[in-house]
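Convention: sequence-line order gives letters A, B, ...; per-chain numbering from 1.
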Amino acid sequence: MNLLSVSNLNVNFKMKKQELAALIDVSFTLNRGERIAIVGESGAGKSILGFSIVNLISKPGYIKSGSIKLENKELTKMNLRQLQEIRGKRIAMIFQDPMMTLNPVLTIGDQLVETIRSHTKITYKDARNIAIEKLHNVQIASPETRFDQYPHELSGGMRQRVIIASVLLLNPDIIIADEPTTALDVTIQAEILQLLLAICRDNGVALVLISHDLGVVSKVAERTLVMYAGHIVEEGPTLEIINDPQHPYTQGLLNALPQMTLPGQRLNQIQGSMPSLTERPTGCAFHPRCPYATEKCQQEQPSFIHSGVSSVACFLVEDMVNDFANQDEEDR
Amino acid sequence: MATPLIQISGLEKSFSTNESWLGQWCFRQGKLARHKDSVHALNGVNLTINQGETLCVVGETGCGKSTLARAIMGLTQPTAGEIHYLDQRIDQLNDRQRMFFRRRMQMVFQNPYASLNPRMTVYQTLSEPIAFHQPQLSRIEIDEKIETLLASVGISASSSDSYPHEFSGGQRQRISLARALSVEPDFIVADEPLSALDVSVQAQVLNLMIDKQAERNLSYLFITHDLAVVEHFATRVAVMYLGRVCELAPTKELFSSPKHPYTRALLSAIPRLDSTTAQPIRLIGEVPTPIEKPIGCVFQARCPHANQRCYEELPKMLLQSDSSSVACHAIEEGRI
């Protein structure tokens, strides 16, 4: 049974004059201990997806339809109290900027202890021991002294380690990490990614990594979802997506990376930019930028089809798969 | 060899952390004492930029990359050292004298959302520098110029009356580039011009910069922390750490055989797409704050090869066999 299954999720923003669709028919599943990544450019809806899993969408956004199931519990129907039981304890989140996540006027220790004590009945002393043990687990040197320090006394990498420690306090089943290393330098980023990977492996925690950096994703995730303008356009094993991308957007995204062309040559660019929420095109959202777009793409929304080990939402791939199937029948 | 376009020697810049006179007083052992802390952002930087080349400066946060860019552009006064443009010294000029050089050197900033004036249309943004630096031009000539400029950066001329908020990030960065190009400079300093942009849009802006360089024989000082862009775009690369250049090498040599321990760690830390790359080299600790001027090598605290000499003596930039230069005692002594 899947640990988490999201099906046909639609998230809308209710504005004065119109309703804007941020997520359209998003479905995916996550198994116990699995590491998946959600990739896309800014405005694709990847953070909204991460937030809506724990129902952290604030007004004017709301979940219009669809279901999010944690084992067999439906998360979209829960009230605040039930959700608070889930948040942190079963599903924990790591945000992009560690300075914004930590409270600047409380010591590291106070924040960690508060997290434990709000979910379990435990004495301060026991909670402190757990907190120090977790700080030790995330490789913070001399955790006893760090325990009494304030966030501003720590460096960016150290703060992100503290966040990871705080996420681990309640032994969650799922960690959602929303761009956890974007605010960090490359050398620190490498360390944090290694740490996150080791922690997920050792404790059997499932990870949802939200990132725009395909290099980071390839190091961490087993499976990757590519998002564009509120839709999932391609889903498959990470290696497959990187070595044999099928959706034209994924292809364009990978080809645009500088390492894909010889030094000094022009890069392969995708024309145009991601459409904003107010001006989503009809049909396939990618068709204005797609080099292979046909008339059909302008009118109809392609459905998700299996192609090899990946699933893709694109008419081009659909036609190709159908052609192959027809050919097979003729051969028979 | 031709004279380099820009020559920087022994450039230093320090910022005082307690600027106000009152903030400098503190109690020490019961006595009131005056005390000044300063951050040494640049600690003796030597660089040359040749005509038509792209020099990329890489390094982590706080290593002085941006201060270097600002010092070259004259946006901040260096504490010591000299900057030459061809054969003229430009670091001690007053605003009036600098005007001529402002036309020759332009800058593109990191955040296109902050560097364009929100209350000026694209036309106004582009016409102001042209009219200022070339007052002899007539209105019609300026209009023509702006039209060709906009076309060359791929913005339709019909949108010249639009305001910056009507454009996307990539378009704004192209307008910033058009503004820099409007006075026909031969040298452009670009301070992280791609970091606020998405991958697919990064490619558009980078392509534009490559095209313009081929067209006008521009020289770039390109500051970035994205090493994939560096590998693609740079002629030479300078790796900075705590206000010093620790390795300077042609791009190919730097990426095929990085020498300085910091460069090695930095290159190994890039998350690459192929899964075969080795484990990153772990650096212990984080970049120290440059408040105390370090004695000896700046990288000593995190270097796995540091010995006593590294703590006592500042390493010199030494030319290696493959025309790269490295400042490291361990390499000089043949230990690594």
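By the 30° and 60° cut-offs, the orientation of the rings of B:His260 relative to B:Tyr262 is perpendicular. Taking the six-membered ring where the residue is Trp, B:Tyr220 and B:Phe233 present tilted rings, their angle falling between 30° and 60°. Classification of the A:Phe51-A:Phe95 ring pair by plane angle, with boundaries at 30° and 60°, yields perpendicular. Ring geometry for A:His247 against A:Phe286 counts as tilted: the plane angle lies between 30° and 60°, on a 0 to 90° scale.
Proximity to chain A (any heavy atom under 4.5 Å) is shown, for B:Leu266, by both the backbone and the side chain. Heavy atoms of B:Gln204 lying under 4.5 Å from chain A belong to its backbone as well as its side chain. Using a 4.5 Å cut-off between heavy atoms, A:Asn268 touches chain B through its backbone atoms (N, CA, C, O) alone. Interface residue B:Asp211: only side-chain heavy atoms are found under 4.5 Å from chain A.
The residue among B:Asn207, B:Val229, B:Val230 with the most heavy atom pairs within less than 4.5 Å of chain A is B:Asn207. Note: A:Arg266 leads A:Gln265, A:Gln259, A:Arg266, A:His212 in heavy-atom pairs under 4.5 Å with chain B. Of the listed residues A:Thr261, A:Leu214, A:Leu184, the one with more heavy-atom pairs under 4.5 angstrom with chain B than any other is A:Thr261. Annotation: maximal heavy-atom pairing with chain B below 4.5 Å, among A:Gln271, A:Gln189, A:Gln194, occurs at A:Gln194.
Using a 4.0 Å cut-off between a side-chain N of Lys or Arg and a carboxylate O of Asp or Glu, B:Lys259 and B:Asp322 qualify as a salt bridge.
Summarising the local packing, NE2 of A:His136 is surrounded by 12 or fewer heavy atoms from other residues, nucleotides or ligands at distances under 6.0 Å.
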